Amino acid sequence: MSLHIYNTLSRTKEKFEPLHAPHVGMYVCGPTVYSDVHLGNCRTFISFDIIYRYLKFSGYKVRYVRNITDAGHLEGDRDEGEDKFAKKARLEQVEPMEIVQRYTTSFHEVMRLFNCENPSIEPTATGHILEQIEMTQTIINKGFAYEVDGTIYFDVEKYNQQKPYGILTNRKLEDLLEGTRELGGQDEKHGRLDFALWIKAKPEHLMQWQSPWGMGFPGWHIECSAMSKKYLGSQFDIHGGGMDLAATHHTNEIAQNEACYNTSPAKVWMHTNMLTVNGTRMSKSLGNGFLPHELFTGNHPLLEKAYSPMTVRFFMLQTHYRSTLDFSNEALQAAEKGFQRLMNAMEIIKNYELGIKNSSKSELDFEIEKLCDDCYELMNDDFNTAMVLANLFELASKIFAIKNNQLDVSQISSTIFAKMKTTFVDFIETIFGLQNENSNSSNDKLDEVLQLLINLRKEAKAKKDFATSDLIRNQLAEKGIQLKDEKDGTISWNVI
RNA sequence: GGUCCUGUGGCCGAGUGGCUAGGCAGAGCUCUGCAAAAGCUCGUACACCAGUUCGAAUCUGGUCGGGACCUCCA
C-alpha cells in the first residue's frame, strides 16, 4: 500500500500524492515562546518529527517549516487582551525579546533531548513583518478586510458569502455565530467572528512596527499564512498542528489564503490529538501541564520517579497520533520497561552475526518477513506507530530467542536475517528516533573497569566461591550496574 | 445549545465484520550454584439495549458515561 494520510479537511484517509514529487512541503505550527513548552506541546512536535523522518525515509525530499511565534499573540478574548510577550516582560521587568530568546532557547533544548530533528526552516513572526503587512494589504485590496482606527479586521461574513469559512471543522457560519457573544457598543469590528490581521499599538507597547495604517503589530493567524507562502508557496502538501488549532487558527489561515491567493494553503491538514491528565486536556491555561524537565527530574507532585526523554518518546509512539493519550505514572512505568526491552533487543541484533549460511526459506522465515514488511504497510496507513511497535516486539522475541539458542538458527536464511536487522534498526533509530540512553559502548573506560570485576567474579565462580561472586554482583547492582550470566558462560553488564 | 470524538481484559493501549495486536503487571514451567535476563504456556476483554448479518467488540438505531472544540492554548 502507498502512503495514506488522514485529512482533517475531508475527514477520510487519502492517498498521499505530493504536488511536486519527490519534493514535499510541510508546515507545522510551532510554539508561542512566552513560556516553557509542556509535554502536550511536545507530543505534537514529536509526532511530526516521526512523520518528517518517515517521509524522508520513504524517499521524499521534504522541506519542513516550523515557525516560532514571537509576536502578535494576545491573551483572553478575541483581539482585546494583552500581548502575551508584553505581559510576561512587564511582570519580569525585562525586554519582550529577552522573553522570546529565553523560551526559544529552552524549546530547542527540549527538542534536542527528545531527539527531534531540526526543521528545514524555522522562521519567526518578527522576522516577517513586511510579508505580513503585504499580505494584509492584499486582503484589504481584495475587499475581505477593513480598517478601523489603525486596526485591520478580516471580514468573515463577507468571505463566507463566497467560500465556506468553517470548512475545516465542518461548521456552518450560523452555528459558529451562535457560540459567540453579541458585539457590545465599544466593539469596533463589524462582525462577531471577524479577527485582526493587524493591530494598532498603544504608544507604550514595546513591540511595534511601522505600517500603512500606523504603528502596530501583526495578528496571530497572519504569520503562518505569510511564512508558509514565503517558504512553501501558496499551495503545499501538508499543514499540521495540534487539534486545538483547527477550529480557529487553521480555519483563519485558510480564509486568509483563500482571500489573498484564491487557494487553500495545504492539500492535507493533519491534526495531532491532545495529551490528557486524568482525562482532561493538558493546557497552559488550566495549569495542569507537565514541563519536560519536571518529568526528567521526577520533580512533580504527581510523579513517583523521573522518566527519561526516550521513555517519554516511546510512550507517545505507543498511541496513534490522532487518539488522545492519557498521562500517568503507571503508563509511564510500563513504557520505561517496554522501551528497555526493545533497546536490549536492538543491542543484540546490531552485534549478532548469523554463523551459518542458509538460503532455503522456512516457515519461520516467512513469519519474520511478514512482520518486517508489515511495518512499512502500517506506517503507510496513516502512520500507525502503535502497530509497528507491536511488530517490533514480536521481532524482539525472535531476536532474544535466537541469541539464547531457544530458536533453531538454522531455520533462518541469511537474507531474512539481514532484513530483520535493517528493518529493526531502521525503525527504531532512523524513523522512530529512539536511542539507547545507557549503552555500554558509550563508555570505554567503564567497560574496562567492569571487565576487571567480571574476570574476578569468573574466577570466584570457577572456584565455587559463590560468596565472593555474589558480593561482586550485589554491590555492583547497588551502584546501578547489572551483571548477567549468559548461557555461553560469558558475563554481560548493563546500566539499570 | 452547535460540531465532533470516545467507552476494550488488573493498568496502558492497537484493531479488521469471522483467523480474537503489543507493552506493563500476575501465575506456572524451562534454563541457572543462586539470581538476573530470556523463552514457552495461561488469563479469553471489548459500556448497555435492540437491529442488520450465516456470523459483530468491529455496521445501524437508541440508552448511559467520558472527553475535545465552538474564547488564548500543540
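These numbers come from the heavy atoms of this one structure, side chains and all, not from hydrogens, waters or symmetry mates. No experiment lies behind these values; they were computed from the predicted model shown. Proteins come first, then strands; the chains are lettered A, B, ... in the order of their sequence lines, and each starts at number 1.
The A:F400 side chain lies nearest to B:A38 when the options are B:A68, B:A38, B:G33. Picking from B:A74, B:G39, B:G2 the nucleotide with the shortest atom distance to the side chain of A:M274 gives B:A74. For A:A401, whose side chain is taken as the heavy atoms from C-beta onward, the closest listed nucleotide among B:A74, B:C34, B:G39 is B:G39. Here the side chain of A:N384 is nearest to one of B:C70, B:A14, B:A74, namely B:A14. Across B:C11, B:C24, B:G33, the shortest atom-to-atom separation from the side chain of A:A334 is found for B:C24. Closest to the side chain of A:E394, from the set B:G2, B:A38, B:A21, is B:A21. Closest approach to the A:Q406 side chain among B:G39, B:G13, B:C70 is made by B:G39 (side chain taken as heavy atoms from C-beta onward). The side chain of A:L245 has B:A74 as its nearest neighbour among B:C34, B:A74, B:G39. Distances from the side chain of A:R457 to the nucleotides B:A36, B:C34, B:C72 place B:C34 closest. Closest to the side chain of A:N41, from the set B:A37, B:A21, B:A74, is B:A74.
Residue A:A247 is the one, among A:N273 and A:A247, whose nearest nucleotide of RNA chain B lies closer to the 5' end (criterion: closest heavy atom). Between A:R322 and A:D381, the one whose closest nucleotide on RNA chain B sits nearer the 5' end is A:R322.
A:A386 comes within contact range of at least one nucleobase, with a heavy-atom separation under 4.0 Å. Using a 4.0 Å heavy-atom cutoff across all strands shown, A:A390 reaches at least one base atom of the nucleic acid. Here A:N474 lies out of heavy-atom contact (under 4.0 Å) with every strand. Across all strands, A:S328 comes closer than 4.0 Å to no nucleic acid atom at all (heavy-atom distances). No contact: A:M243 has no heavy atom under 4.0 Å from any strand. If you check every strand for non-hydrogen atoms under 4.0 Å, A:D326 touches sugar and phosphate atoms only. When heavy atoms are screened at a 4.0 angstrom cut-off, A:K337 is found touching the sugar-phosphate backbone but no base atom. Counting any heavy atom pair closer than 4.0 Å across all strands shown, A:Q333 reaches no nucleic acid atom. A:S283 comes within 4.0 angstrom of a base, heavy atoms only. Within 4.0 Å (heavy atoms only), A:H249 reaches no atom of the nucleic acid at all. Within the nucleic acid shown, A:L286 has no heavy atom closer than 4.0 Å to any nucleic acid atom. Heavy atoms of A:L275 sit under 4.0 angstrom from at least one base atom. Heavy atoms of A:S47 sit nowhere under 4.0 angstrom from any nucleic acid atom. Heavy atoms of A:N404 sit under 4.0 angstrom from primed sugar atoms or phosphate atoms, though from no base atom.
Taking atom CD of residue A:E174 and atom P of nucleotide B:U3, one finds them 11 Å apart after rounding to whole Å. For the pair A:Y321 OH and B:G15 P, the computed distance is 11 Å after rounding to whole Å. In this entry the distance linking CG of A:L325 with C1' of B:A74 reads 13 Å, nearest Å. Here the P atom of nucleotide B:G23 and the CD1 atom of A:I428 are 13 Å apart, to the nearest Å. As a whole-Å value, the separation of A:K403 NZ from B:A37 C1' is 7 Å. Protein atom CZ of A:R11 is 21 Å distant from nucleotide atom P of B:A68, rounded to whole Å. Rounded to a whole Å, the NZ atom of A:K172 is 13 Å from the C1' atom of B:C4. Whole-Å rounding puts the A:N344 CG to B:A38 P distance at 7 Å.
Taking the 5.5 Å centre cut-off and the 30° plane limit, the aromatic side chain of A:F466 is classed as stacked on B:G33.
Nucleotide B:G22 is matched to B:C12 when pairs are restricted to Watson-Crick or G-U wobble geometry with both distances under 3.5 angstrom. Across all strands shown, B:A35 remains unpaired; no Watson-Crick or G-U wobble contact has both distances below 3.5 Å. The partner of B:U60, taking Watson-Crick or G-U wobble pairs whose two distances both stay under 3.5 Å, is B:A50.
Cation-pi geometry between A:K305 and A:Y307 is met: under 6.0 angstrom from the ring centre, within 45 degrees of the axis.
A perpendicular orientation is assigned to the rings of A:Y34 and A:F85, their planes being inclined by more than 60° (bins at 30° and 60°). Ring geometry for A:F327 against A:F315 counts as perpendicular: the plane angle is over 60°, on a 0 to 90° scale with 30° as the lower cut. Ring geometry for A:H221 versus A:H249: interplanar angle of 30 to 60°, hence tilted.
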Go through it in stages, so that I can follow the logic: the residues are A:Q256 and A:N252, the test is side-chain hydrogen bond (donor to acceptor under 3.5 Å, both in side chains), and I'd like the CA-CA distance, side-chain angles, deciding distance and then a yes or no. CA-CA 6 Å; A:Q256 288 167 164; A:N252 290 344; over 6 Å; no
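At a cut-off of 3.5 angstrom, counting only N and O atoms as typed in the model, there is no donor on one side facing an acceptor on the other between the side-chain of A:R43 and the base of B:A74. For B:C34, the base has a donor-acceptor partner in the side chain of A:R473 [N/O atoms by modelled type, under 3.5 angstrom]. Checked by distance alone, A:Q482 brings no side-chain donor or acceptor within 3.5 Å of a matching partner on the base of B:A36.
Considering only side-chain N and O atoms, A:T319 lies nowhere under 4.0 angstrom from the phosphate OP1 or OP2 of B:C12. Taking 4.0 angstrom as the limit, A:S323 places a side-chain polar atom (N or O) nearer than this to OP1 or OP2 of B:A14.
Proximity of a side-chain donor or acceptor of A:H4 to a complementary backbone N or O of A:S2 within less than 3.5 Å is detected. A donor-acceptor pair is defined here as one N or O able to donate and one able to accept, closer than 3.5 Å; such a pair exists between the side chain of A:N474 and the backbone of A:D470. Side-chain atoms of A:N351 come within 3.5 Å of backbone atoms of A:E347 as a donor-acceptor pair (strictly under, hydrogens ignored).
A salt bridge between A:D49 and A:R66 is absent, with no side-chain N of the basic residue lying under 4.0 Å from a carboxylate O of the acidic one.
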